[in-house]
Amino acid sequence: MNFKIHPLSDVKSSNIGDNTNIWQFCVIFPQARIGNNCNICANVLIENDVVIGDNVTIKSGVQIWDGVQIEDNVFIGPNVTFTNDLVPRSKVYPQSFEQTFIKKGASIGANSTIVAGHTIGEYALVGAGSVVTQDIPAYTVWYGNPARQKGYITKDGILLDMNYKDKQGNTHKIE
């Protein structure tokens, strides 16, 4: 395989794609699967039952727990928090963890919290500091606590208001 792992990381998985970079102080469990051309920044933890697609960026300070699946071309901002247990108790584990899906092209802003069991749709944008407590449809923009829909976004990243208009007043169609 053609990937780079910083010597100060603890990477047990051999399921890492070509051209992926894993920076210092990362911990990656043995069964984790990471695609091609990913950038896993410093201080990231990835558990066993995690699947990460191609061309994914995971910024520093993120923990990705069992049950999270991230598709291709996703951006996960610094210190994003995922959960996987809706009723956590010390030393008490559920039979299975909630499943969370981040669909292709989605972006999650810094310091957001993603409550377990939800899907963030294709090319959706979650603004920094948001708390996601429900499914986020494709091509939508959400932010706040709890996160609420504030607009739409095109595949090319053009932000639109609730009437599908950009800042210049031009109407766009969503794919």
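If you read the sequence from its start, that first residue is 1, and numbering goes on from there. The analysis underlying the following values was restricted to heavy atoms, covering all of them including side chains, and did not include hydrogens, waters or symmetry mates. Computed from a prediction, not measured in an experiment: that's the story for all the values here.
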> When you measure from the side chain of Ser13 to the backbone N and O of Ile28, does any donor-acceptor pair fall under 3.5 Å?
Replying inline: no
> Given the rule in the side-chain contact (heavy atoms from CB on, under 4.5 Å) test, do His118 and Ile136 qualify, once you have shown the distances and angles that lead to the verdict?
Replying inline: CA-CA 8 Å; His118 297 294; Ile136 305 292; over 6 Å; no
>> Assigning hydrophobic clusters by single linkage (Ile, Leu, Val, Met, Phe, Trp, Tyr; side-chain heavy-atom cutoff under 4.5 Å), is Ile120 placed with Tyr123?
In response: no
> To the nearest 0.5 Å, what is the distance between CD1 (Ile40) and NZ (Lys59)?
Replying inline: 11.0 Å
>> Working to the nearest 0.5 angstrom, can you tell me the gap between Gln149 CD and Thr140 OG1?
In response: 5.0 Å
>> Quick check for you: to the nearest 0.5 Å, what is the distance between Arg33 atom CZ and Ser14 atom OG?
In response: 11.5 Å
> Do you know which two heavy atoms are closest between Ala32 and Asn15, and how far apart they sit?
Replying inline: O-CB, 3.4 Å
> So, Thr113 side chain and Val131 main chain: donor-acceptor pair closer than 3.5 Å or not?
Replying inline: no
>> Quick check: Tyr139 with Tyr152 (ring centres under 6.0 Å apart)?
In response: no
> Should Gln99 and Asp49 be marked as a side-chain contact (heavy atoms from CB on, under 4.5 Å) after you check the CA-CA gap, both sets of side-chain angles, and the distance that decides it?
Replying inline: CA-CA 10 Å; Gln99 300 294 296; Asp49 184 23; 4.1 Å; yes
> Can you find a heavy atom in the side chain of Phe101 that is under 4.5 Å from one in the side chain of Gln69?
Replying inline: yes
> Under 3.5 Å, is there a donor-acceptor pair between the side chain of Ser130 and the main chain of Gly144?
Replying inline: yes
> Is the count of non-hydrogen atoms from other residues, nucleotides or ligands lying under 6.0 Å from Lys104 atom NZ greater than 12?
Replying inline: no
> Does the side-chain contact (heavy atoms from CB on, under 4.5 Å) test come out yes or no for Val68 and Ile114, once each step is laid out?
Replying inline: CA-CA 10 Å; Val68 177; Ile114 312 304; over 6 Å; no
> At their closest point, which heavy atom of Asn43 faces which heavy atom of Phe25, and how far apart are they?
Replying inline: OD1-CB, 3.3 Å
>> If I compare all heavy atoms of Trp65 with all of Val50, which pair ends up nearest, and what's the gap?
In response: O-CG2, 3.4 Å
> Parallel, tilted or perpendicular for His6 and Trp23, by the 30°/60° rule?
Replying inline: tilted
>> Taking Lys165's backbone N and O only, do any of them form a donor-acceptor pair with Thr171's side chain (distance below 3.5 Å, no angle check)?
In response: no
> Run the side-chain hydrogen bond (donor to acceptor under 3.5 Å, both in side chains) check on Asn37 and Asn19 step by step: do they pass?
Replying inline: CA-CA 5 Å; Asn37 198 38; Asn19 300 312; 5.5 Å; no
> What is the distance from atom CD1 of Ile22 to atom CG of Leu8, rounded to the nearest 0.5 Å?
Replying inline: 13.5 Å
> Does the side-chain contact (heavy atoms from CB on, under 4.5 Å) test come out yes or no for Ile76 and Phe82, once each step is laid out?
Replying inline: CA-CA 11 Å; Ile76 308 292; Phe82 290 93; 4.0 Å; yes
> Roughly how far, to the nearest 0.5 Å, is CD of Glu122 from CD1 of Ile153?
Replying inline: 13.5 Å
>> I'd like to check Trp142 versus Val132 (side-chain heavy atoms, cut-off strictly below 4.5 Å). Are they in contact?
In response: no
> Ser112 side chain to Gly127 main-chain N or O, any donor-acceptor pair under 3.5 Å?
Replying inline: yes
> For Gln31 and Asn48, which heavy atoms make the closest approach, and how far apart are they?
Replying inline: N-OD1, 2.8 Å
> Do Asn55 side-chain atoms and Asp72 backbone N/O form a donor-acceptor pair below 3.5 Å?
Replying inline: no
>> Minimum heavy-atom separation for Lys103 and Val74, please, with both atom names.
In response: O-CG2, 3.4 Å
> Just by distance, do the side chain of Glu47 and the backbone of Asp66 share a donor-acceptor pair under 3.5 Å?
Replying inline: yes
>> Any side-chain to backbone donor/acceptor pair from Thr20 onto Gly35? Under 3.5 Å, distance only.
In response: yes
>> Between Asn36 (side chain only) and Asp18 (backbone N and O only), is there a donor and an acceptor less than 3.5 Å apart?
In response: yes
> Are Leu159 and Leu125 side-chain neighbours, meaning at least one heavy-atom pair lies under 4.5 Å?
Replying inline: yes
>> Minimum heavy-atom separation for Pro137 and Ala124, please, with both atom names.
In response: O-CB, 3.6 Å
>> Between Asn84 and Thr100, is there a side-chain heavy-atom distance shorter than 4.5 Å?
In response: no
>> If hydrophobic clusters are built from ILVMFWY residues whose side chains come within less than 4.5 Å, do Val51 and Ile102 share one?
In response: no
>> With a 4.5 Å cut-off on side-chain heavy-atom distances among I, L, V, M, F, W and Y, is there a chain of contacts connecting Val80 to Val44?
In response: yes
>> I want to check something: taking the side chain as every heavy atom from C-beta on, are Ile158 and Asn170 in contact at a cut-off of under 4.5 Å?
In response: no
> Can Ile70 be reached from Val115 by stepping across I, L, V, M, F, W or Y side chains whose heavy atoms are under 4.5 Å apart?
Replying inline: no
> At what distance, to the nearest 0.5 angstrom, does CD1 of Ile58 lie from CD of Gln63?
Replying inline: 11.0 Å
> If you group Ile, Leu, Val, Met, Phe, Trp and Tyr by side-chain heavy-atom gaps below 4.5 Å, do Val62 and Ile34 land in one group?
Replying inline: yes
>> Checking the side chain of Ser9 only, and the main-chain atoms of Cys26 only, is there a donor and an acceptor separated by less than 3.5 Å?
In response: yes
